[in-house]
Structure formats: structure tokens, C-alpha cells
Amino acid sequence: YEAAVAGVPETQDLFMSGQLVEAREKAYQTLADMSDLLQRLRERQRWIEILKRDINQYLREAEELDAHVRAPMQFQRANGLYLEGIEAYQRYQLFESEELLGKAREEALALIQLARSSGEEQKKKAEALMRDVMKELEEASELTVVTDDGTLIRPEEWSGEEVIEEVEE
């Protein structure tokens with residue numbers, strides 16, 4: 001900012017000393033510098049808005065994947081970085097805000113990947129457990145059972161079709 005507006009007093013000095021051509025050139029250069037500064041500032045603000053939007057989406061998705069339960073420390077870190085970035089933005093600290101929001105974005109993405117992978121692992125474990133239980137049930141269905149009153153029950157074929165028909169009706 002200081003470099004962009006530094007040309008204003010120089011332009012005034014040139015004008016007051018009668019160097020009108022030089023003053024005009026310096027004024028145009030100062031105006032171009034200010035315009036360039038404004039453009040860079042707008043680009044930075046736009047980028048920060050994109051970061052904020054992305055982080056919000058990522059944190060929402062992470063929450064839907066129960067990341068706040070599966071990885072609470074990482075979730076807190078991502079959320080904390082996001083809030084620090086927002087605070088820096090509200091204090092007009094664009095460079096600090098951009099850095100913090102960039103870190104928050106990376107943390108949120110890593111959190112989603114962690115939540116997805118742990119969700120897949122849990123699903124695989126549940127499927128393996130279900131297969132083990134089904135195998136044990138199948139093995140148990142082939143055993144002969146003696147009831148409390150001494151009645152012997154021998155294993156017999158069962159397809160489950162009767163139960164399915166009852167349920168369908």
C-alpha cells in the first residue's frame with residue numbers, strides 16, 4: 001500500500017515545482033500502482049472466500065462421516081484453524097488469514113480421508129464378523145441337541161422358505 005501511494009506526494013511536489021509533464025507521468029504511474037494494488041486485493045479476497053466455502057463443505061462432510069467422533073483432535077484442529085483464519089480476515093490480516101485457511105483446508109481434507117478410511121475399515125470388520133457368526137450358526141445347526149427333559153433333537157435340513165413365505169404374506 002505504502003509503495004502504491006508513495007507517488008502522491010512526489011506528484012504534488014513535481015506539480016508545485018512546475019514540472020507538469022513529469023507530474024502527469026508520475027500521477028499516471030501512481031494511479032496504475034493503486035489500480036494494481038486494488039486488483040491484487042480483490043483477487044486475494046476472492047481466494048479467501050473460496051477457501052472459506054471449501055472448508056465449510058469439507059467440515060460438513062467430515063461431520064456427516066462422524067469424523068468428530070472418530071478423530072476428535074483432528075476435527076478440533078481443522079475447525080480451530082478455520083476460526084483463526086476467519087478472525088485474521090476480520091482483522092484485515094489477509095496474508096495470515098490466507099495461510100491459516102489454507103492449513104485448515106488441508107486439515108479438513110485429511111480429516112475426510114481419515115474418516116472415510118476408518119469407515120471402510122469398520123464396514124470390513126463388521127462384514128467379517130457377520131461371516132464368522134453365520135459360519136458358527138451353520139456349524140451349530142448340524143449339532144444334535146438334548147433338551148432339559150432329555151428329548152433328543154437331531155439336525156435336519158432347513159431352507160427358510162416357509163419363513164420367507166410367511167413374511168411376504
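Throughout, numbering of the chain's residues begins at 1 and tracks the sequence.
Minimum interatomic distance between G102 and L51 (heavy atoms only, all atoms of both residues): N-CD1, 4.1 Å. Taking each heavy atom of S97 and I48 in turn, the nearest pair found is OG-CD1, 4.0 Å. Nearest heavy atoms, D54 versus R105: OD2-NE, 3.6 Å. In terms of heavy atoms, A4 sits closest to T30 at O-CG2, 3.4 Å. For A108 against A78, the heavy-atom pair with the smallest separation is N-CB, 4.0 Å.
Expressed to the nearest 0.5 Å, how far CD of E96 lies from CD of E87 amounts to 9.5 Å. Here the straight-line distance linking atom CD1 of I112 with atom CZ of F75 works out to 10.0 Å at 0.5 Å rounding. With values rounded to the nearest 0.5 angstrom, E61 atom CD is found 9.0 Å from L109 atom CG. Rounded to the nearest 0.5 angstrom, E63 CD and L111 CG are separated by 10.0 Å. With rounding to the nearest 0.5 angstrom, the CD1 atom of I55 is 10.0 Å from the CG atom of L83. Annotation: the span from E168 atom CD to E161 atom CD amounts to 10.5 Å, rounded to 0.5 Å.
By the criterion of side-chain heavy atoms lying less than 4.5 angstrom apart, applied directly or through intervening Ile, Leu, Val, Met, Phe, Trp or Tyr residues, L81 is not grouped with Y58; the two fall into different hydrophobic clusters. Side-chain heavy atoms closer than 4.5 Å link hydrophobic residues (I, L, V, M, F, W, Y) into clusters, and following such links, even through other members, never connects L114 to V69. By the rule that hydrophobic residues join a cluster once side-chain heavy atoms approach within less than 4.5 Å of another member, L37 and V5 end up as members of one cluster. In this structure, I86 is a member of the same hydrophobic cluster as W47, with clusters built from ILVMFWY side-chain heavy atoms closer than 4.5 Å. Under the 4.5 Å side-chain heavy-atom criterion for ILVMFWY residues, a single connected hydrophobic cluster contains both L59 and Y89.
No donor-acceptor distance shorter than 3.5 angstrom exists from the side chain of S35 to the backbone of L31, with no hydrogens or angles considered. Between the S141 side chain and the E138 main chain, a donor and an acceptor come within less than 3.5 Å of each other. Under the 3.5 Å distance criterion, the side-chain polar atoms of T144 are left unmatched by any main-chain donor or acceptor of R154.
Side chains of Q29 and E25: a donor-acceptor N/O pair is absent below 3.5 angstrom, by distance only.
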If you look only at distance, which donor and acceptor atoms sit under 3.5 Å apart when one is on a side chain in residues 6-17 and the other is two or more places apart or in another chain?
from, atom 1, to, atom 2, distance (Å)
E10, OE1, K26, NZ, 3.3
T11, OG1, G7, O, 2.7
S17, OG, D13, O, 3.2
S17, OG, L14, O, 3.0

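In R70, the CZ atom is crowded: over 12 heavy atoms of neighbouring residues, nucleotides or ligands sit closer than 6.0 Å. Within a 6.0 Å radius of CZ in R46, no more than 12 heavy atoms belonging to other residues, nucleotides or ligands are found. Crowding of D149 atom CG: a count of heavy atoms from other residues, nucleotides or ligands under 6.0 Å exceeding 12.
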Handout entry: Stepwise salt bridge (Lys or Arg N to Asp or Glu O under 4.0 Å) check, E107 with K103
Key = CA-CA 6 Å; E107 286 285 330; K103 288 179 183 178; over 6 Å; no

Problem - CA sep, side-chain torsions, deciding dist, call: L41, L94, side chain to side chain contact (heavy atoms under 4.5 Å, CB included) - result: CA-CA 9 Å; L41 179 63; L94 293 182; 3.1 Å; yes

Practice task
Go through the steps to decide whether R40 and R44 satisfy the test side chain to side chain contact (heavy atoms under 4.5 Å, CB included), and finish with yes or no.
Solution key: CA-CA 6 Å; R40 286 182 293 162; R44 266 214 148 70; 5.8 Å; no

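At least one side-chain heavy atom of D66 sits under 4.5 Å from a side-chain heavy atom of H68.
Look at R53 and E49 and you find no salt bridge, because none of the NZ, NE, NH1 or NH2 atoms lies under 4.0 Å from a carboxylate O.
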